[in-house]
Amino acid sequence: QERVEAANPAATFAPATGPEQKFPALVVTVGASLEPVRATLRELAAVLAGVSLAVWLLAAVAGRAVCRWALRPVTRMANAARDMTAADLGVRLPVAPARDELADLGLAFNALLGRVEEAFERQRGFTAEASHQLRTPLTALLGQVEVALRRDRDGAEYRRVLGSVRRQADRLRKVVEALLFLARSDADAGLPGKEPVDLGAWLPEHVRTGWADHPRAADLRVEASTVVADVHPVLLGEVVDVLVDNACKYSPPGTPITVRVGTVGSSVEVSVEDAGIGLGEADAARVFEPFVRSDEARRRGVDGSGLGLAVAKRITDAHCGHLAVASTPGRGSRFILRLPPPNGTRSAT
């Protein structure tokens, strides 16, 4: 709308003087339809909605395709993992040649699978050897009993058979105890009651009382100095007995067996040294594994089950210590047990 007035503002208020001046003011109203504009806006909104929807669909399709392509190595690894069974532990996850994060993940899982396979193989070997070690004394024991029961015998014969049965039963008991100890988890194998012990006084007394009646007692030498360590005396005695018994088995009578205790740096060291047949490099690397025995020991027919050193290693680990061997074939072996000193205590030699 637009108001049209006289060109001269002052004339607007002047009185009409002629017939042409019928109205003091003239109002002219002009209108135009907005429907074309609204139609254009509707078309623009439809176009924008269509373009947006098309862009979203294209992005979704392209994104899915890119994700599937990028995650294809993960899909292959997942499919390979689903196909794995306990009977085929040698299968590994496929790893892309590109050295990216997914490849690192695949390599890490393959390394884990390798460790699992190794553990399974050790478990299988452990089970087979345990069955053999249990079957051997049981077979001997039952054989002795069956032979004794075939006919009546005198008292001396029965005593001989019962002595043999007792020896086989004692061997069986030791094997079962060792297997039970090795079968326990690391958490269950912890030491409940460690205490500070003066090994310089404890070790000579332990060797004297425990090995006084042994045929090799005269060959034992003890070199001890004042040294204190937090240990479980009973279990530490088992480790010492295993090492001394091992030295007696694999060294000829009359050769010295030296048991020492002292300090090396901040660690407490207990060692057992013999002058026996020694160990080769390959045997020394596996000597603390269950049921492992050297070929030389088997050839000489040395009695044993291959569990003693494995038990000693587990007890040493429970003490937070370290058990190692230094050996030369034909010149003897030296087993070294290192223990941490008690908290806040300094050992003195």
Side-chain angles (χ1 to χ4, degrees), residues 159-160 163-164 166-171 173-175 177-178 197-229 231-264 268-280 283-284 287-288 293-294 296-313 315-316 321 323-339 349:
R159 282 193 295 272
R160 186 190 67 80
S164 176
R166 180 180 178 181
R167 287 191 298 272
Q168 294 295 336
D170 185 64
R171 179 186 175 187
R173 176 187 61 81
K174 293 179 179 179
V175 170
E177 290 178 351
V197 175
D198 181 4
L199 298 183
W202 174 86
L203 186 61
E205 179 66 16
H206 176 80
V207 174
R208 184 182 65 82
T209 57
W211 294 84
D213 298 331
H214 195 272
R216 298 287 303 275
D219 298 335
L220 295 177
R221 307 284 188 271
V222 179
E223 300 177 4
S225 57
T226 302
V227 56
V228 178
V231 298
H232 191 292
V234 175
L235 291 181
L236 182 62
E238 291 291 331
V239 176
V240 174
D241 290 343
V242 167
L243 298 182
V244 173
D245 181 67
N246 195 71
C248 292
K249 287 180 178 179
Y250 297 102
S251 64
T255 58
I257 298 174
T258 305
V259 184
R260 297 185 181 91
V261 61
T263 56
V264 176
V268 178
E269 183 176 285
V270 179
S271 65
V272 177
E273 184 174 1
D274 64 71
I277 62 176
L279 292 168
D283 292 328
V287 71
F288 297 112
R293 304 187 67 202
S294 65
E296 183 66 16
R298 297 180 186 275
R299 186 182 67 81
R300 297 188 178 211
V302 179
D303 186 34
S305 61
L307 290 173
L309 291 177
V311 171
K313 181 68 165 57
I315 296 175
T316 302
L323 185 61
V325 60
S327 183
T328 303
R331 300 184 60 181
S333 303
R334 182 170 182 255
F335 286 86
I336 305 165
L337 168 64
R338 289 192 176 92
L339 299 169
T349 56

Say whether, by atom type as modelled, one donor and one acceptor occur between the side chain of [X] and the main chain of [Y] under 3.5 angstrom.
X	Y	result
R334	A324	no
R216	I257	no
S333	A326	no

Could you walk me through whether L337 and V239 satisfy the side-chain contact (heavy atoms from CB on, under 4.5 Å) test, starting with their C-alpha distance in whole Å, then the side-chain angles of each, then the deciding distance to 0.1 Å, before giving a yes or no? CA-CA 9 Å; L337 168 64; V239 176; 4.0 Å; yes

Contacts of type side-chain hydrogen bond (donor to acceptor under 3.5 Å, both in side chains), residue E238, not counting sequence neighbours: none

Can you confirm whether [X] sits close enough to [Y] that some side-chain heavy atom of one is under 4.5 Å from a side-chain heavy atom of the other?
X	Y	result
W202	V231	no
L279	Y250	no
D245	W211	yes
L199	L236	yes
L309	L243	yes

Heavy-atom closest contact ([X] atom, [Y] atom, distance):
X	Y	value
A275	S251	C-CB, 4.2 Å
A217	A212	CB-O, 3.7 Å
T316	L323	CG2-N, 3.8 Å
V268	A229	CG2-CB, 4.0 Å
V261	G200	CG1-CA, 4.3 Å
D219	T255	CB-O, 3.3 Å

Say you draw a straight line from [atom1] of [X] to [atom2] of [Y]; how long is it, rounded to the nearest 0.5 Å?
X	Y	atom1	atom2	value
I277	T328	CD1	OG1	13.0 Å
L339	T263	CG	OG1	12.5 Å
E269	S225	CD	OG	10.5 Å
N246	D241	CG	CG	12.0 Å

